[in-house]
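Everything below concerns the one structure shown next.
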Amino acid sequence: MKQFAKSMNSSTLRTLTTSKRALFTCFLLTIGIGYIMALFYLFLVDFDPHQKMGMNASEGISMKYGGQQGKTRLEAALRGSMSDRLDPGDKQEIIQWIRGGATANSYEKVKPNFEKNCMACHSAKSGLPVPPLTSFEEV
Ligand code: HEC
């Protein structure tokens, strides 16, 4: 135990041989440069572009990984050009579904809503040049 403590004591950077000192110095430099590069990368990819779009860091990251909820094409259409195609209750139901994550499991609940209000035009049968909305994947 005493010998172990002694050997631990003696292994500071100062007391190592030159080659070991060079080895550890190179290791620390490599890790240090890597760390600075990683910070630089984060800045270039996550902070700077989002800041230019008027978002702070956490908003930018949640948009990058969680998507822009509330600004989907579907919700934009429901609030805009398609807003007179369904009654407010139905609209609210679909918007709530989108805000709740628009998952495949919960799609069954809103499917009749799409059938009733949207599929007359948004299906291959209608012949209109519009995106089909007949299944979860298409929606
Ligand atoms: C009477 C036919 C009709 C019905 C019913 C209809 N749509 Fe549309 N939809 C269109 C047409 C035509 C366009 C393309 C022109 C436009 O964007 O206004 C369109 C475009 C869209 C778009 C694409 C907008 C974009 O970003 O380009 C979406 C999304 C959409 N509709 C969703 C819906 C939803 C959801 C419903 C049901 C609540 C619905 N539509 C009901 C005719 C319809």
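Not measured: the values here are computed from a predicted model. When a ligand or atom number is given, it counts from 1 through the structure's own listing order.
- Looking at Lys64 and His50, their side chains come closer than 4.5 Å, going by heavy atoms from C-beta outward.
- The protein heavy-atom contact nearest to atom 21 (C) of ligand 1 is His122 CE1, 3.3 Å.
- In this structure, of Arg73, Lys116, Glu75, Met82, the residue bringing a heavy atom nearest to atom 23 (C) of ligand 1 is Arg73.
- Of all atoms in ligand 1, listed by their number and element, those nearer than 4.0 Å to a heavy atom of Leu74 are 35 (C).
- Hydrophobic cluster membership is shared by Tyr65 and Phe43, with clusters built from Ile, Leu, Val, Met, Phe, Trp and Tyr side chains linked at under 4.5 angstrom.
- Not a single N/O/S atom of Cys118, whether from backbone or side chain, sits less than 2.8 Å from atom 8 (Fe) of ligand 1.
- The distance from ligand 1 to the heavy atoms of Cys121 drops below 4.0 Å at these ligand atoms: 1 (C), 2 (C), 3 (C), 4 (C), 5 (C), 42 (C), 43 (C).
- At least one side-chain heavy atom of Lys116 sits less than 4.5 Å from a side-chain heavy atom of Asp87.
- Side-chain contact between Glu138 and Pro132: present, with at least one pair of heavy atoms (C-beta onward) separated by less than 4.5 Å.
- Geometrically, ligand 1 and Asn117 share no nitrogen or oxygen pair separated by less than 3.5 Å.
- Atoms of ligand 1 found under 4.0 Å from any heavy atom of Leu86, numbered from 1 in the order shown, are 38 (C).
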Audit row: Leu78, Leu86, side-chain contact (heavy atoms from CB on, under 4.5 Å) steps and yes/no: CA-CA 9 Å; Leu78 284 168; Leu86 73 180; 4.0 Å; yes
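- The proximity of Lys91 to ligand 1, defined as any non-hydrogen pair under 4.0 Å, does not occur for either the backbone or the side chain.
- Contact annotation for Leu133 and ligand 1: only side-chain heavy atoms (C-beta onward) come within less than 4.0 Å of the ligand.
- Within ligand 1, counting atoms from 1 as listed, the ones closer than 4.0 Å to a heavy atom of Arg85 are 1 (C), 3 (C), 4 (C), 5 (C), 6 (C), 41 (C), 43 (C).
- Nearest to atom 13 (C) of ligand 1 among the protein's heavy atoms is Val130 CG1, 3.3 Å.
- Salt bridge annotation for Arg99-Glu75: present, with a cationic side-chain nitrogen under 4.0 angstrom from a carboxylate oxygen.
- Of all protein heavy atoms, the one closest to atom 17 (O) of ligand 1 is Ser81 OG, 4.0 Å.
- Side chain of Asn117 to main chain of Asn113: a donor-acceptor pair is present (N/O by atom type, distance under 3.5 Å, no hydrogens or angles).
- Between Tyr35 and Thr30 the shortest side-chain heavy-atom distance does not fall below 4.5 Å.
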Ser123 and Ser126: side-chain hydrogen bond (donor to acceptor under 3.5 Å, both in side chains), yes or no, with the steps? CA-CA 6 Å; Ser123 74; Ser126 76; 4.8 Å; no
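- Residue Ala77 has at least one heavy-atom neighbour below 4.0 Å for each of these atoms of ligand 1: 28 (C), 29 (C), 30 (C).
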